[in-house]
Amino acid sequence: NEQWLFHGTKADSAQDITDGVFRVDLAGSHRGTLYGKAIYLAECSSKADEYSEADEDGLCRMLLCRATLGNILVERERKPSAPELEELCRSYYHSVCGDRWAAVGTFREFVLYESSQVYPEYIVYYRHIHQTDFLQAIGSISKTGDDLEGVRKLVPHAARLAQCHPDPQVKYRISLSLGAHASTVVPALMDCLDGHEAPMRRRTAAVALGLVAGSCL
């Protein structure tokens, strides 16, 4: 039962973890330990982002980890008993799914008490971009017209958000912005249909072209 899961951490801790191992004894030094001293992982990057901190350049980091979950104990209590959960994971279970979605309507967490069950495979570097700045960036690239590399990076990402963002209003605004700058957006998306691109990128581009066409009608 191996899964890919995210782990948010401070900028100076990401490299230390990947160079060594997760230090369960340091659990709680950055945030709380609702389920006890353990390694906290999330299936949603938005949850892991809550535990990340930007460095002086505004760059954030989170880890993408391989996690062996084994027999999972699903915990839905608002205030779980950490000692009891840890004891159960020393016997029959191997990990805990803190189902905060069922308890309080927020993200689920996966909790492991043994560092040997988690391997930090990748460090993901990213920056926070506000929605207004993101939409303005699409327009500014369209106006300059000479930053082809910027177009190739930004447009497919914007197209992906226009498809899968959980807020319908955000999806609508991004789709509208893509359609408004179709003269720049469409060639960039056509480039993504090239056979050398990753399959997900090609599928995203194909759907995005349909969205742009619909917004231009």
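By the side-chain hydrogen bond (donor to acceptor under 3.5 Å, both in side chains) test, E84 is found to be paired with no residue, residues two or more places apart in sequence or in another chain being considered. Residues passing the side-chain hydrogen bond (donor to acceptor under 3.5 Å, both in side chains) test with N71: none are found, sequence neighbours excluded. Residues meeting the side-chain contact (heavy atoms from CB on, under 4.5 Å) test with A11, sequence neighbours left out: D55, R61. Considering only residues two or more places apart in sequence or on other chains, D19 meets the side-chain hydrogen bond (donor to acceptor under 3.5 Å, both in side chains) condition with Q15. Legend: residues meeting side-chain hydrogen bond (donor to acceptor under 3.5 Å, both in side chains) with E87, ordered by chain and number and at least two apart, are absent.
Proximity of I39 to V111: side-chain heavy atoms (C-beta onward) are nowhere separated by under 4.5 Å. For the pair L85/Y93, no side-chain contact is recorded, criterion being any heavy-atom separation below 4.5 Å from C-beta on.
To the nearest 0.5 Å, atom CG of residue L73 and atom OG of residue S91 are 9.5 Å apart. Between the OG atom of S95 and the CD atom of E109 there is a distance of 13.0 Å, given to the nearest 0.5 Å. Note that OG of S52 is 7.0 Å distant from NE2 of H128, once rounded to the nearest 0.5 Å. To the nearest 0.5 Å, the span separating CD1 on I17 from OG1 on T9 amounts to 4.0 Å. Rounded to the nearest 0.5 Å, atoms NE2 (H94) and CG (N1) are 10.5 Å apart. Note that the CD atom of E121 and the CZ atom of R66 stand 4.5 Å from one another [nearest 0.5 Å].
A pairwise comparison of heavy atoms in P80 and Y35 identifies CG-CE2, 3.5 Å as the closest pair. Of all heavy-atom pairs between A82 and Y113, the closest is O-OH, 4.4 Å. Across all non-hydrogen atoms, the minimal contact from V96 to C89 is CG2-SG, 3.5 Å. Of all heavy-atom pairs between A48 and A42, the closest is N-CB, 4.2 Å. V118 approaches C65 most closely through the heavy-atom pair CG1-CB, 3.8 Å. Here the closest heavy-atom approach between residue T68 and residue L112 is recorded as O-CD2, 3.4 Å.
The closest donor-acceptor contact from the side chain of E75 to the backbone of G98 lies at 3.5 Å or more, if one exists at all. Judged by distance alone, with hydrogens and angles left aside, the side-chain atoms of R108 form no donor-acceptor pair with the main-chain N or O of C44 at under 3.5 Å. With H7 contributing its side chain and Y40 its backbone, the two residues share a donor-acceptor pair below 3.5 Å.
Cluster membership check: F107 does not share its hydrophobic cluster with L41, using side-chain heavy-atom separations under 4.5 Å among Ile, Leu, Val, Met, Phe, Trp and Tyr. Cluster membership check: Y119 does not share its hydrophobic cluster with F22, using side-chain heavy-atom separations under 4.5 Å among Ile, Leu, Val, Met, Phe, Trp and Tyr.
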Can you list the steps and then say if L5 with L69 is a side-chain contact (heavy atoms from CB on, under 4.5 Å)? CA-CA 11 Å; L5 297 169; L69 302 179; 4.2 Å; yes

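The other members of the hydrophobic cluster of W4, by chain and number, are F6, M62, L64, Y122, V124, Y126 (side-chain heavy atoms under 4.5 Å, ILVMFWY only).
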